[in-house]
Each structure stands twice: as C-alpha cells, then as structure tokens.
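So that the names make sense, note that chain A is the first sequence line, chain B the second, and so on, each numbered from 1.
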Amino acid sequence: MEDTLQRLCAAAVTDLYGASVDAASIPIQRTGKEFEGQYTVVVFPLVRLAKQKPEAVAEALGHALMNRWPEIAGFNAVKGFLNLEMGAGHWAQFLAAAVRDPGYGKGSPSGEKIVLEYCGPNTNKPLHLGHTRNMLLGWSVAELLDFAGHEVHKVNIYNDRGIAICKSMAAYEASGENATPDSAGVKGDHFVGSFYVAYNRLATEQAKAFLAEGMDKREAEKQTPIHRRAQEMLLAWEAGNADVRALWQKMNGWVYEGFNETFRAMGVDFEKDYLESETYLEGKEIVLEGVKRGIFQQHEDGSVRADLSAEGLDEKLLLRSDGSSMYITQDLGTAEQRYTDYAMDRSYYVVGSEQDYHFKVLKALLQQLGRPYADGITHLSYGMVDLPTGKMKSREGTTVDADNLVADMIQTARSKTEELGKIEGLEQNEKQTLFRTLGLGALKYFILRVDPRKRILFNPEESIELVGNTGPFVQYTYARIQSILRKALKEDGIAGAPGAVFSPPANASADAASWDPAEIQQCATLARFPATVQEAASNHSPAEMANYAYEVAKTFNQFYDQVSVLKAENDQARTRRLAISSLTASVIQKALGLLGIGVPERM
RNA sequence: GGUCGCGUAGCUCAGUUGGAUAGAGCAGCUGCCUUCUAAGCAGCCGGUCCCGGGUUCGAAUCCUGGCGCGAUCACCA
C-alpha cells in the first residue's frame, strides 16, 4: 500500500513540477486520529522542488493523486500534510482478498536459511525467569522469521559439563543415598538442582573450620572436602572415568527429562540439541588450526591467545596453559558443528546482553579464521529480568523458578475466570486448557511486549495483570468474535469454514456510502499486518507484533461498541461486518500465534 | 577507567527509524450491561521526553558534552 502511494506520488511530482524524486524517500504515514483519512503524505521534502508553500503542494498533489487512483475518495491538506481518504471500494477489495487468502500476512520465501540458538541452559539447576524470557524471545523471533519467509531451524545448546554439574554430582554422592527423582517425587531438574544447593550448603559448612584458622573465604572453600571432590570429578570426567561418566550421564538424564517437561509446558521446541561435551574438543582443534596458520599465538607457558586489538577488542585467551579449553573455545566448536549440519546463511544467538562482549569476540575470531559463516552471526541480545530486590542469583536462592511461575499464572487465570463465571458449560478438561491458554498468554505477552533490549522489572508479589494492555485482553477480543460467528452460523443455519461463509458481499463497492467509519478504521488496521510481520521479523522484535496485536484488538472493541454486526442495518452490512470480524479473528490468531500465545473459543 | 546498553505521566511501557497538539495500560475520579461476552467502551486527571549545546522547514528520535542506572573488560561459564 505504502509502495503504491509512493510510486504514484513520485509520478505526480514529475508531472506537476518536472522534477524526479526517489519514490522510496517520500514519507507515508498513518493519519493521526484527529484528522480525516487513513494515509498521510508528508510533503515538506517536496517543497523545495515545487518552490511553493507546503499547503499548496499538498493541495496540488492531492488532486493529482485522485486523478491517478480512483480508489482515493477524498483528501484534505493541513499544513504540509496531505491526508488521503481511501474509498469504500478500496477497502472492499482489500477485505475480499484478505479474507479469501488463508496465508494472509505470510511473507514470500526468501531462500535464506537461518539457524537460531536459544535457551542454552546449564544442566545443574532448573530453569528460571531469565531462561523464560530467553525461551519466549527465541521461540517467537524464530516464528517471526519463519512467517516472514525465511527457513528457520531452532536449536538448543546444553552446557552439560564443567565444574557446576560436578558440584551437583559431588553433593549427590555425599548425601543422595541413591535417591531418584521418582523415589523423591521431584521433577528431575529440580531434583538435581537441590543437590547444587546442597553443595553450597555443605561447602559453607565445611569451610567454617578453615575460616576459624584465619583463612580467607575463597581459599577456605577451596580447601573443603566437597570442593576437592568436585574438582577431582571434573578431572576424572575429562579422563573418561567410567563411574564418574555414568553418574554424570544419569544426573543429566534426569535434568533433560525435567527440562523437556518445562519446554512442553512453555510451548517451546527445538529441532536439534547441541551438547558442549560433544563440541568442546572440536573447538580445541580449531584453535590449534589457528595456531598452525599463524592466526593465533601460542605463548611460552603453552597458553594460546588471539590478538583482537585491530577489532577494538583485547587479547583473548583461547586455551589455558594446561591445554584445556575455555567457554569461547567450546563456542567455536559448536559454531563449526552447526555449519557442518546446516550450512546456514545466518546464525542467531539469543543470549543475554551480559554476553555482548563474548559474541563480538566469537564473531571476530571466526572472521580471522576466514569461516564462511562468520559474517552471518548475529547476537540477539536482551536485557535482564530484575526483581525489586535486585538481580537474581541462583546460589542465593533469589530466582523465580520457571515451572512455579507458569503454575502461578495458570492459577491466577483460573481464579479470575471462575470469579467472572462465564464458562459454566465447559467440560473439566476444556476449562483446564482455557486456564493454561490464558495464564500463559498473560505471561508471554507481559514479557514479549517490551523491547528486548530493555530490562524487565518483575515483582513476584504482584500478579501479572489480566486487564488493560495484556494478553488476555487480546484473547478476549478473539473470544468475543468467535461468539458472534457462532451465532451467525446458527442464525443462517450454515455449518462450515468461517472464511468461506463470511466473505464480504460480492458487489461491495456498490454500497460505498454505507460503510461506517469504524469499519474503515478496522480494515486500515488489518491492512497493516503483512508490513508489521516484515518489520517485526527484520527488527527481531516480538514486541512490535505484540503491540500490533493489541491495536487490532483495541480498534475491534471500538468497532464492536459502535456498530452491531448481527443486527446490522441491512444484509450487506451484516455480511461485510462478519467478514471484518472473521478477518480480525484470523489476524489476532496469527499475531498471537507468532508470540506463542493461543486463542480461546470462549472465556 | 575503556566499551556497550538504557533514561518518556505516580507505576509499567509504546512511539511506525526526523513529522501534526508526545500515546496506551495500571493506579485515582465519572458515565455506559432487559441490545453480538463489561477480561469491554467513552470521558476526566496526569509530561522540563534526564540536563546543556548543535544540525534543519521540523528533534523524544540524529551529532556533541555532561549526569544517573546497568552490563562488560578473568587461565569462571
């Protein structure tokens, strides 16, 4: 739509003033609420070419556009702003085309292959609120890119080895008594996490004796038997010790089971899992290859470093003097592995902003190595989730657990729904589904509607809102529409697909005069969906999609209030409004779907 | 200290990449349910867009200098 207007404007300017302008540079925007019209051309940039006053340019351009495009029904010029009113015929055409297109909003295939990594948990403790933001963002960005026309592969990376998991293992060995998640009746990841907490308790306890001897705190903890045991296990793991590996395998297995349950509850999925235990050796080889090619430097003590000062970064350690690998080394291996698997054009890493530096380094290293996938790396950085008490810290138990959070939200949705008492007729399992849809909808919307870069403040004391600018508000609008459509089907005695039934009147352009402003406003909002998809995808911003979904719902509720669908003045208006309603429902369903939020048939 | 990010109503956030009188929600106040679901709609109240300078027809948006908050700069991950 914008493109068309820009083209027409450019042509008109050439006709009127004999000057050529770049069509793409002509600003087209939505008309402000206080003015008539749907699209506004800002003519200030053209004033210089025209050598006339802005108002005169707008006026002249308005006439010229009307001549060129009959779908423009009128215009008004205010200062340098040319407001265009599209006629009912235009909207009727739009409506007919959009309603009949099941793929309305979907981008055409770009041929670009993208691998998107998100979640990236450690396997020694359960997922928390920080992971929740990561998962929701990652999943949604992937869906947006997919819907916008790219080929997207979602992958996870497990940090499944290292000192953290050895700590849980050491504590389990010391106090686990061969219990299992089943025997304890605890979800696997929580079960293992409880030993991570137990480790810290034991270490603090055991450190007391050393502290009494005047040792400093860090040193004292290093001397504790439990810490020594964890270190020992780490070395044994690297050496391939069968017992340690078996325990590691068993405990990680419990964690994966627990995680999978959380992923299901959260509604996120992965096409492939990567394990750092399987890629860190490959990372080491890449570093050694770099040394051989003279790209990285091996120092006298045996350590390997990369000089990134040319990129404005520091010198970076890649291998320790004992030859063991670093965090960054593993990521090099994982990246290589990924390219072997997918040969992707671009790779996205959804990881918190505290790792901005890390990803700059990773990309720079791969560029130095001349890897073909290096330039295609993008770090999708997002801000932390803070509590009123400050930053979350696992060791201090100040995290908000992901499973509890979801359960709480479902509970909140249940009590609100029961309080309103509008769902008496539903079966028990339908109710459960509804509470889940609403609870998760509220949670996901709450997190996704804010700009990813910004920090989110989450107050566990206050439950997430269900009224106002929220997920359930948008869901409610959908449910309202479904109620109308059900009644319409019943009145008409027709069963079938709403899309087919609620097509607009064939001769819609004939009833131009009868369109209510609310109908035009709703159509104008719905018409922005495809452009919003592309923008949200290219900006990697579910927030833009969330805000759009809110606006679609908001304008529909106004429409709902201002005109009656089922009791419209005439059949033509009724059919048309049914078409607008069903298209609105479809757009809401798609927009929320891109955020991972489901829609209820009633609520 | 260097680098990066953020700073908009009492609170939580938008602001279409430089456009009109800066918008929503929550909180507070007022109206609207014998009419398609009131988880809604309409209205009131609420602003030094952190501060100073600059660029131009026009700046919350771009540049520059400050201030504040946060992250990061490990032989941790």
Side-chain donor or acceptor of [X] under 3.5 Å from a matching atom on the base of [N]?
{"X": "A/Asn83", "N": "B/rA20", "answer": "yes"}
{"X": "A/Thr417", "N": "B/rA39", "answer": "yes"}
{"X": "A/Asp561", "N": "B/rC32", "answer": "no"}
{"X": "A/Asn539", "N": "B/rU17", "answer": "yes"}
{"X": "A/Lys567", "N": "B/rU35", "answer": "no"}

### Task
Evaluate whether atom CZ of A/Arg48 has more than 12 neighbouring non-hydrogen atoms of other residues, nucleotides or ligands under 6.0 angstrom away.
no
For [X] and [N], is the gap between ring centres under 5.5 Å while the planes differ by less than 30°?
{"X": "A/Phe35", "N": "B/rA20", "answer": "yes"}
{"X": "A/Phe473", "N": "B/rG40", "answer": "no"}
{"X": "A/Tyr560", "N": "B/rG40", "answer": "no"}

### Task
Just label B/rC33 as syn or anti from its O4'-C1'-N9-C4 or O4'-C1'-N1-C2 angle, using within 90° of 0 for syn.
syn
### Query
What does A/Asp331 touch in the nucleic acid at a heavy-atom separation under 4.0 angstrom: a base, only the sugar-phosphate, or nothing?
nothing
Atom [atom1], compared across [N] and [M]: separation rounded to whole Å:
{"N": "B/rA39", "M": "B/rA27", "atom1": "P", "answer": "14 Å"}
{"N": "B/rA22", "M": "B/rU16", "atom1": "P", "answer": "15 Å"}
{"N": "B/rG68", "M": "B/rC50", "atom1": "C1'", "answer": "8 Å"}
{"N": "B/rG46", "M": "B/rG10", "atom1": "C1'", "answer": "9 Å"}
{"N": "B/rU61", "M": "B/rG54", "atom1": "P", "answer": "14 Å"}
{"N": "B/rG47", "M": "B/rG15", "atom1": "P", "answer": "23 Å"}

### Task
Choose from B/rU72, B/rA20, B/rC36 the nucleotide whose nearest atom is closest to any side-chain atom of A/Phe81.
B/rA20
### Query
Between A/Ser463 and A/Asp408, does any side-chain donor sit less than 3.5 Å from a side-chain acceptor?
no
### Query
Are A/Gln522 and A/Thr584 linked by a side-chain donor-acceptor pair shorter than 3.5 Å?
yes
### Task
May I ask you to evaluate whether A/Asn557 reaches the phosphate of B/rC41, defined as a side-chain N or O under 4.0 Å from OP1 or OP2?
yes
### Query
Should A/Arg480 be listed as having a side-chain N or O under 4.0 Å from OP1 or OP2 of B/rA38?
yes
### Message
Taking the ring of A/Phe559 and the ring of A/Phe556, is the distance between their centroids below 6.0 Å?
### Response
yes
### Message
Assuming nearest nucleotide by heavy-atom distance, tell me which of A/Ile28 and A/Thr40 is located more 5' along RNA chain B.
### Response
A/Ile28
### Query
Nearest nucleotide by nearest heavy atom, which residue falls closer to the 5' end of RNA chain B, A/Leu420 or A/Ser321?
A/Leu420
### Task
Find out whether the Lys NZ or Arg CZ of A/Arg133 is both under 6.0 angstrom from the six-membered ring centre of A/Tyr382 and within 45° of the ring's axis.
no
